[in-house]
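Comments concern the structure below.
Numbers here are sequence positions counted from 1.
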Amino acid sequence: LQRPDAPALNAAIGACASGQAWAHAVALLKDIRRHRLKAEVETFNGTISACSQGRQWQLAISLLPLMQRQALMPDRVSFNACIHACESGQEWRQALH
């Protein structure tokens with residue numbers, strides 16, 4: 001079995017976001033870390049988006065500090081996906097923080 005690479009896992013995470021498979025996206029993010037691959041901003045954005053689609057707002061916003069611990073700066077997509085996650089979970093007050 002061939003070792004996965006980051007672009008393939010990023011594509012899979014993007015598919016999870018489109019298919020509302022947030023748990024799979026989170027598992028793939030963990031796989032990236034387990035295989036000692038470098039996660040990218042896009043990796044986290046896809047995972048945050050998948051969590052947002054699955055109404056997992058707490059999980060979505062918990063990924064922002066993890067990004068920063070990995071020396072990645074959340075971007076507009078990251079923040080918008082978190083805001084959407086809070087909105088989907090009817091936690092709009094969290095979006096204000």
Side-chain angles (χ1 to χ4, degrees):
L1 188 62
Q2 191 173 10
R3 183 177 179 222
D5 63 1
L9 290 170
N10 285 344
I13 288 172
C16 290
S18 298
Q20 298 183 0
W22 66 269
H24 293 295
V26 171
L28 289 168
L29 179 62
K30 289 178 182 177
D31 282 346
I32 287 175
R33 296 178 69 204
R34 188 182 74 217
H35 290 289
R36 293 180 175 84
L37 299 171
K38 178 152 175 49
E40 301 170 346
V41 172
E42 293 78 15
T43 310
F44 281 94
N45 287 349
T47 307
I48 292 168
S49 293
C51 291
S52 173
Q53 295 298 323
R55 297 187 176 170
Q56 300 296 315
W57 67 272
Q58 291 172 316
L59 185 53
I61 61 175
S62 75
L63 294 174
L64 293 177
L66 181 58
M67 288 177 76
Q68 293 171 327
R69 283 194 299 272
Q70 294 187 16
L72 296 171
M73 290 300 298
D75 62 10
R76 185 178 312 168
V77 174
S78 313
F79 292 118
N80 283 340
C82 283
I83 290 168
H84 182 265
C86 291
E87 175 189 12
S88 296
Q90 298 181 345
E91 294 289 338
W92 60 270
R93 284 188 179 100
Q94 291 294 327
L96 300 176
H97 296 280

I need the minimum non-hydrogen distance between Ala12 and Leu28, along with the two atoms involved.
CB-CD1, 3.5 Å
Step by step, work out the side-chain contact (heavy atoms from CB on, under 4.5 Å) result for Lys38 and Gln70.
CA-CA 9 Å; Lys38 178 152 175 49; Gln70 294 187 16; over 6 Å; no
Pair Glu40, Ile32 - check side-chain contact (heavy atoms from CB on, under 4.5 Å), show working.
CA-CA 10 Å; Glu40 301 170 346; Ile32 287 175; over 6 Å; no
Is there a side-chain contact (heavy atoms from CB on, under 4.5 Å) between Val26 and Lys30? Walk through the geometry before answering.
CA-CA 6 Å; Val26 171; Lys30 289 178 182 177; 4.0 Å; yes
Check: Val77 and Ile48 side chains under 4.5 Å, non-hydrogen atoms
no
Can you tell me how far CD1 of Ile83 sits from OG of Ser78, rounded to the nearest 0.5 angstrom?
10.5 Å
From CD (Glu42) to OG (Ser49), nearest 0.5 Å:
11.5 Å
Applying the side-chain contact (heavy atoms from CB on, under 4.5 Å) test to Leu37, which of Thr43, Leu9, Asp31, Asn10 qualifies?
Leu9
Would Trp57 end up clustered with Leu64 when hydrophobic side chains under 4.5 Å apart are linked, directly or stepwise?
no
Between Pro74 and Gln68, which heavy-atom pair has the shortest distance, and what is it?
CD-CG, 3.8 Å
Once rounded to the nearest 0.5 Å, what's the spacing between atom CG of Leu29 and atom SG of Cys16?
11.0 Å
With rounding to the nearest 0.5 angstrom, report the CE to CZ distance, Met67 to Phe44.
6.5 Å
As an exercise, state the distance from SG of Cys82 to CD of Gln58, rounded to the nearest 0.5 Å.
12.5 Å
If you take all heavy atoms of Gly46 and Ile13, which pair is closest and at what distance?
C-CG2, 3.4 Å
Nearest-0.5 Å distance that lies between atom CD1 in Ile61 and atom CZ in Phe79:
12.0 Å
Testing the basics here: between Ser52 and Ala85, what is the closest heavy-atom pair and its distance to 0.1 Å?
OG-N, 3.2 Å
